[in-house]
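On a predicted model such as this, the values are computed, not experimentally measured, just so you know.
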Amino acid sequence: SIVGDAAYVGQVGDSRVYLQRPDAPLLQVTEDHSLVAEQMRAGLITADEARNHAMKNLITRAVGIKAEVEVDLFGVRLQKGDTLLLCSDGLCNFVTDADIANALQLKTLRSAARLLIGKALEAGGNDNVSVAVVRVMDSPPRRALQEGCTAVETPQAGFVTKLKRLLG
């Protein structure tokens, strides 16, 4: 949901939300609820080991398993030009962050979505490959973040990028 300049994401499982801000690194907004992701966050395995782990699809939280489920709620401030990607694990398990970032910088959202799905299928994606892409086209009105969400820190542009903006 987007309210003012804030995007709110309720998340359970291993589908993801990414933020691509112009001139900033790709940011994974959500955290996977999987055994492998928990092992990686605890420092027991590396990102490379997680990528090829035999149990990477074993999720620790899912909708429909129990009557109640703990939902993570994230809030991220949006700016003009930001692009959000909502995707299933059928995409993020087969497409690198670098390829995601490059696709999200394409001029049209349809092109970005088609490129990402194509890359996932070319890489052997045999799972559900779902994407939704949203771009902020104008400066959103400022609002206070709602209580109860985890505020996501967005990457800041470096010195060279700031200088280019001033001179450009």
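Side chain of Gln20 to main chain of Pro22: no donor-acceptor pair is present (N/O by atom type, distance under 3.5 Å, no hydrogens or angles). Side chain of Gln105 to backbone of Asn102: no donor-acceptor contact under 3.5 angstrom is found. Between the side chain of Asn93 and the backbone N or O of Gly90 there is no donor-acceptor pair closer than 3.5 Å. In this structure, Tyr8 contributes its side chain and Gln146 its backbone to a donor-acceptor pair below 3.5 Å.
Taken together through direct or relayed side-chain contacts under 4.5 Å among Ile, Leu, Val, Met, Phe, Trp and Tyr, Val133 and Val129 form part of one hydrophobic cluster. When the side chains of ILVMFWY residues are joined at heavy-atom separations under 4.5 Å, either directly or via intervening members, Val134 and Leu27 end up in a single hydrophobic cluster. A continuous path of ILVMFWY side-chain contacts below 4.5 Å connects Val136 to Leu19, so both sit in one hydrophobic cluster. By the criterion of side-chain heavy atoms lying less than 4.5 angstrom apart, applied directly or through intervening Ile, Leu, Val, Met, Phe, Trp or Tyr residues, Leu84 is grouped together with Val152 in one hydrophobic cluster. Hydrophobic clustering, with ILVMFWY side chains joined whenever heavy atoms are under 4.5 angstrom apart, keeps Val131 apart from Val17.
Partners of Asp5 according to the salt bridge (charged side-chain N to carboxylate O under 4.0 Å, His left out) rule, which considers only residues two or more places apart in sequence or in another chain, are Arg77, Arg142. Residues that satisfy the salt bridge (charged side-chain N to carboxylate O under 4.0 Å, His left out) test with Asp138, not counting sequence neighbours, are absent from this structure. Partners of Asp97 by salt bridge (charged side-chain N to carboxylate O under 4.0 Å, His left out), not counting sequence neighbours: none found. Among residues two or more places apart in sequence or in another chain, the side-chain hydrogen bond (donor to acceptor under 3.5 Å, both in side chains) test is passed with Asp72 by His33, Arg61. Taking the salt bridge (charged side-chain N to carboxylate O under 4.0 Å, His left out) definition, one finds that Asp32 meets it with Arg16, sequence neighbours left out.
Other residues, nucleotides and ligands contribute more than 12 heavy atoms inside 6.0 Å of the CZ atom of Arg41.
Closest of all the heavy-atom pairs between Thr30 and Ser15 is OG1-O, 3.9 Å. Here the closest heavy-atom approach between residue Leu85 and residue Ile100 is recorded as CD2-CG2, 3.7 Å. The two residues Gly4 and Pro140 come nearest to each other via the heavy atoms O-CB, 3.3 Å. Contact record, Leu91 with Ala120: CD1-CB, 3.9 Å, taken as the closest heavy-atom pair. Between Glu31 and Gln11, the closest heavy-atom pair is O-OE1, 3.1 Å. Closest of all the heavy-atom pairs between His53 and Ile45 is CD2-CD1, 4.2 Å.
For the pair Ile59 and Leu35, the minimum side-chain heavy-atom distance is 4.5 Å or more. Put simply, the side chain of Ile2 reaches to within 4.5 Å of the side chain of Leu78, judged on heavy atoms. When side chains are defined from C-beta on, Cys149 does not count as touching Phe74, because their heavy atoms never get closer than 4.5 Å.
Using modelled atom types, one finds a donor on one side chain and an acceptor on the other under 3.5 Å when comparing Thr60 with Glu38. Side chains of Ser130 and Asn128: a donor-acceptor N/O pair is present below 3.5 angstrom, by distance only.
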Residues 110-117, side-chain donor-acceptor partners within the protein, below 3.5 Å, at least two apart:
residue: Ser111; atom: OG; partner: Thr108; partner atom: OG1; Å: 2.6

Working for side-chain contact (heavy atoms from CB on, under 4.5 Å), residues Leu58 and Val36: CA-CA 8 Å; Leu58 181 63; Val36 170; over 6 Å; no
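The distance from atom OG1 of Thr96 to atom NZ of Lys119, rounded to the nearest 0.5 Å, is 7.5 Å.
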